[in-house]
2 protein chains.
Amino acid sequence: MKRMKIRRDACPVTKTAALLSDVHTMLITREILTGPKRFCELERSIEGISTRTLAAKLKKMEHDDILRKTKDGIYAATKKGAALRIVERAMRRYGELYL
Amino acid sequence: MKRMKIRRDACPVTKTAALLSDVHTMLITREILTGPKRFCELERSIEGISTRTLAAKLKKMEHDDILRKTKDGIYAATKKGAALRIVERAMRRYGELYL
DNA sequence: CGGGATCCAAAAAGATACTG
DNA sequence: CAGTATCTTTTTGGATCCCG
């Protein structure tokens with residue numbers, strides 16, 4: 001994973017993921033958990049991700065059954081993806097308390 | 001993060017981290033949460049990590065105040081590191097339920 | 001414009017040999 | 001044991017181009 005610069009005031013989830021994770025997958029998850037999104041929305045809301053990486057991650061996440069792409073090009077969490085909320089919640093809480 | 005082969009019977013935390021994270025930092029955390037460990041113990045218990053990567057991650061984690069190295073070369077979680085238990089727990093639970 | 005695919009340079013990870 | 005040095009392989013991000 002490449003070192004990423006994180007602002008002190010960034011979302012706690014961002015910070016936690018930067019601390020211990022493949023930032024992008026977790027951030028895509030965070031976005032998807034707030035509702036279905038299209039490519040360009042994800043691209044805009046995930047600061048610093050390249051289209052190439054976003055496309056690659058989405059493909060992998062689709063393959064892993066975390067999200068599904070509808071015919072109209074919208075990405076939505078699957079059941080398995082939605083369940084990641086428990087992890088996202090723990091990360092958010094940790095970030096809020098310690099970062 | 002490199003694609004990692006995960007056995008179906010691997011620890012659920014391993015699977016969750018492979019799914020969404022910088023696997024190594026999370027796995028080092030998991031080990032450290034069970035008590036202080038030395039370099040070679042970590043190397044043995046984290047399947048597939050190279051000494052180079054382990055050394056690099058430990059350095060980064062020490063810098064991030066997740067763990068501390070004692071004079072006798074033992075790595076132990078800091079307070080901030082120990083608190084990652086909430087994340088580890090969520091990941092374990094998710095892995096148990098969905099992977 | 002949305003949704004990528006391609007090419008390229010740089011960074012990170014892997015294997016492994018080697019040292020204090 | 002606890003790493004470091006070195007070399008190779010992967011992955012990433014940036015820019016660019018393509019196609020409906």
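Since this is a predicted model, take the numbers as computed values, not measurements. Protein chains get the first letters and strands the later ones, always in sequence-line order, with residue 1 at the start of each.
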May I have the distance from [X] (atom [atom1]) to [N] (atom [atom2]), rounded to whole angstrom?
X     : N      : atom1 : atom2 : value
A:K59 : C:dG3  : NZ    : P     : 13 Å
A:D72 : C:dG3  : CG    : C1'   : 14 Å
B:I46 : C:dG14 : CD1   : P     : 11 Å
B:R44 : D:dA2  : CZ    : C1'   : 12 Å
A:L58 : C:dG3  : CG    : P     : 10 Å
B:E41 : D:dG3  : CD    : P     : 13 Å
B:I49 : D:dG3  : CD1   : C1'   : 13 Å
B:L67 : D:dA2  : CG    : P     : 14 Å

Could you tell me whether the side chain of [X] and the main chain of [Y] form a donor-acceptor pair under 3.5 Å?
X     : Y     : answer
A:K80 : A:D64 : yes
B:T29 : B:T25 : yes
B:K37 : B:G35 : yes

OP1 or OP2 of [N] sitting under 4.0 Å from any side-chain N/O of [X]?
X     : N      : result
B:Y75 : D:dG3  : yes
B:R52 : C:dT16 : no
B:K57 : C:dA12 : no
A:K69 : C:dG4  : yes

Query raised in the report: Is B:R92 salt-bridged to B:E96, cutoff N-O under 4.0 Å?
Result: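 No salt bridge links B:R92 with B:E96.
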
Requested in this report: Just report the end-to-end axis angle for the helix from C:dC1-D:dG20 to C:dG20-D:dC1, five pairs per end, to 10 degrees.
Outcome: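 About 30°, once rounded to a multiple of 10°.
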
**Report entry** side chain to side chain donor-acceptor pair (under 3.5 Å) partners for A:S45, two or more places apart
**Finding:**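 Partners of A:S45 by the side chain to side chain donor-acceptor pair (under 3.5 Å) criterion, ordered by chain and then number, come out as A:E31.
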
Query - Of the listed nucleotides C:dG4, C:dA15, C:dC7, the one nearest the side chain of B:S50 - result: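 The closest nucleotide is C:dA15.
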
Query raised in the report: Do A:M26 and B:Y98 share a hydrophobic cluster, counting only Ile, Leu, Val, Met, Phe, Trp and Tyr and linking them when any side-chain heavy atoms are less than 4.5 Å apart?
Result: yes

Query raised in the report: Side-chain heavy atoms under 4.5 angstrom apart, residues restricted to Ile, Leu, Val, Met, Phe, Trp, Tyr: same cluster for B:V87 and B:L33?
Result: no

Query raised in the report: If you find the nucleotide of DNA chain D closest to A:T51 and the one closest to B:E43, which residue's nucleotide is nearer the 5' end?
Result: B:E43

